[in-house]
Enquirer: 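Submitted below is the structure of interest, expressed as C-alpha cells.
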Amino acid sequence: MSAAPGPSSSGPARGLQSTGPGPRPDGRARVRRVSIEGNIAVGKSTFAKLLQSASSDWEVVQEPVSKWQSIESRPSEGSGAPQQTVGNLLQMMYEDPQRWSYTFQTYSCMSRMKTQLQPPPPHLLSSKGTPVQVFERSVYSDRYIFALNSFELDCINPAEWAVYQDWHTFLVEQFGPQLELEGIIYLKASPQKCMERLGRRGRPEEGGVELDYLQKLHMQHERWLREGAQGAPHAVSGGQEGGSGSAVSSEWGAGGGLRERSAQ
Ligand SMILES: Nc1ncnc2c1ncn2[C@@H]1O[C@H](COP(=O)(O)OP(=O)(O)OP(=O)(O)O)[C@@H](O)[C@H]1O
Ligand SMILES: Nc1nc(=O)c2ncn([C@H]3C[C@H](O)[C@@H](CO)O3)c2[nH]1
C-alpha cells in the first residue's frame, strides 16, 4: 500500500481532513467507509463480493448500474399512470457520448450521492468488530475520473463542464461529513487486461468500448491517485496485475486508513 498525500486544503476535501479517523457526531462513528476504484472491468465487483463473503463486518454497496440501464419515469401524483422504463442511459451514453455524457454524469453522480448518504445497515452498527462499508466507486471518481475524461474528449462541452463542477462542489460541500470516505482501495490492471475482461463479461452496452478509452481512463486513475485523490481521502491500497481477490487484501492500520496485508 502507498499512502496518497492528503488532498489540497481548499474545496470539498476540507471536511474529510478535519474529521479524519476521530469520533463522528452520530452512532455511525465506528463504521469505516471506503470506496473501491479502478478501470472498467478491472474486477471491482468481483473483489467486492469476496470482501463481503469474507466477513459480515464488510458491507458492499454496489455501483447503481442497473438504475442507469433502466431509467424510470415518475408519473405525476394521483395520475394512476404506471411507472415506465423510458431509456437505457448507459447505452445512450456509449452510443452517442456527445449528446448524452453530461446527462449521464448528472445521473451517475446523483445516484452515487444517494448511495453514499445511505446509513449503514443495522448489523454493521451493532458489530463488535471493525465494520466497514465499501462503496463501488464514488462521487469523487465520478468527477475527477469520468466527467473530467468526458470533458477532455469533448463529449462534455465547456459550459456543461462548468455547470457540473459548480453543482458538484456545492453538493459535496453541503453534505461534506456525511459523504466522507476514509480510504480508497485501488484495483489496478493494464488496460489490455481490462479490455480482455470487459470482452469476456459481455455487457451489451459496452460492445463499442475501445482499448484507447480504457487507456485514457487508466491514465486518469493514475494521475488522480498520484496527485492525492483530489476531493477524496488519503489511504490508497494498490492491487496488482492479477486484479481482484488474491492480488490485494487489506486491513485497517493502527493509524487509520488501509494497509496492504498480502499481495502476489
Ligand atoms: N482477478 C481476476 N482474474 C480474472 N478475471 C477476473 C478477475 N476479477 C474479475 N474478473 C472477471 O472480469 C470481468 C469484470 O469483472 P467485474 O465485473 O468484477 O469488473 P468491475 O471492475 O466491477 O467492472 P465495472 O467497471 O464495469 O463496474 C468479469 O467477467 C469477472 O469475472
Ligand atoms: N461515462 C461514464 N461516467 C461514469 O461516471 C461512469 N461510471 C461507470 N461508468 C461505466 C463504466 C462501465 O461501462 C459501467 C459500469 O461501471 O458504467 C461510467 N461511465
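Start at 1 and go down the list; that is how both ligands and their atoms are numbered. These values consider heavy atoms only, across backbone and side chains, with no hydrogens, waters or symmetry-generated copies.
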Enquirer: Just which atoms of ligand 1 are under 4.0 Å from any heavy atom in Gly43?
Expert: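 Under 4.0 Å from Gly43, ligand 1 has these atoms: 8 (N), 9 (C), 15 (O), 16 (P), 18 (O), 19 (O), 20 (P), 21 (O).
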Enquirer: Are more than 12 heavy atoms, taken from residues, nucleotides or ligands other than Phe175, located less than 6.0 Å from that residue's CZ atom?
Expert: no
Enquirer: So, does Gly38 sit close enough to ligand 1 that a heavy atom of it is under 4.0 Å from the ligand?
Expert: no
Enquirer: Do Gln116 and Ser138 meet the criterion of a side-chain donor-acceptor pair at a distance under 3.5 Å?
Expert: no
Enquirer: Yes or no: does Lys49 have any heavy atom under 4.0 Å from an atom of ligand 1?
Expert: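 No; Lys49 lies far enough from ligand 1 that no heavy-atom distance drops under 4.0 Å.
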Enquirer: Are Glu63 and Arg137 ion-paired here, with the side-chain N under 4.0 Å from a carboxylate O?
Expert: yes
Enquirer: Evaluating non-hydrogen atoms only, which member of Arg201, Glu206, Arg200 is closest to atom 17 (O) of ligand 1?
Expert: Arg201
Enquirer: Parallel, tilted or perpendicular: which one describes the rings of Tyr213 and Tyr94, with boundaries at 30° and 60°?
Expert: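 Perpendicular: the ring planes of Tyr213 and Tyr94 meet at over 60°.
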Enquirer: Is it true that, when you exclude Glu160 itself, more than 12 heavy atoms of the residues, nucleotides or ligands shown sit nearer than 6.0 Å to its CD?
Expert: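 It does: Glu160 CD has more than 12 such atoms within range.
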Enquirer: Ignoring hydrogens and angles, state whether a donor on the side chain of Asp142 or Gln105 is under 3.5 Å from an acceptor on the partner side chain.
Expert: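 Short answer, yes.
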Enquirer: At less than 4.0 angstrom from any non-hydrogen atom of Glu63, what atoms of ligand 1 do you find?
Expert: 27 (O)
Enquirer: Which is it for Asn39 and ligand 1 at heavy atoms under 4.0 Å: side chain, backbone, both or neither?
Expert: backbone
Enquirer: Taking the minimum heavy-atom distance to atom 6 (C) of ligand 1, which of Arg197, Arg137, Arg203 ranks first?
Expert: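 Answer by nearest heavy atom: Arg197.
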Enquirer: Quick check on contacts: which atoms of ligand 1 are under 4.0 angstrom from a heavy atom of Ser45?
Expert: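 Listed by number with element: 18 (O), 20 (P), 22 (O).
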Enquirer: Have Gln118 and Gln133 got a donor and an acceptor in their side chains that come within less than 3.5 Å?
Expert: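 Gln133 and Gln118 do not have a side-chain donor-acceptor pair below 3.5 Å.
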Enquirer: For a distance cut-off of 3.5 Å, show me each N or O of ligand 2 paired with any protein N or O, plus the separation.
Expert:
from: ligand 2; atom 1: 1 (N); to: Gln105; atom 2: OE1; distance (Å): 3.3
from: ligand 2; atom 1: 3 (N); to: Gln105; atom 2: OE1; distance (Å): 2.6
from: ligand 2; atom 1: 5 (O); to: Gln105; atom 2: NE2; distance (Å): 3.0
from: ligand 2; atom 1: 5 (O); to: Arg112; atom 2: NH2; distance (Å): 3.2
from: ligand 2; atom 1: 7 (N); to: Arg112; atom 2: NH2; distance (Å): 2.7
from: ligand 2; atom 1: 13 (O); to: Tyr94; atom 2: OH; distance (Å): 2.7
from: ligand 2; atom 1: 13 (O); to: Glu206; atom 2: OE2; distance (Å): 2.4
from: ligand 2; atom 1: 16 (O); to: Glu63; atom 2: OE1; distance (Å): 2.7
from: ligand 2; atom 1: 16 (O); to: Arg137; atom 2: NH1; distance (Å): 3.0

Enquirer: For ligand 1, indicate whether the residue Lys44 contacts it via side chain, backbone, both or neither (heavy-atom separation under 4.0 Å).
Expert: both
Enquirer: Is a side-chain donor-acceptor pair under 3.5 Å present for Ser141 with Arg112?
Expert: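 The answer is no; no qualifying pair exists.
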Enquirer: Quick check on Gln83: does its CD atom have over 12 non-hydrogen neighbours (other residues, nucleotides or ligands) under 6.0 Å away?
Expert: yes
Enquirer: Would you call the rings of Trp224 and Tyr144 parallel, tilted or perpendicular, taking 30° and 60° as the class edges?
Expert: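 Answer is parallel, since the angle falls under 30°.
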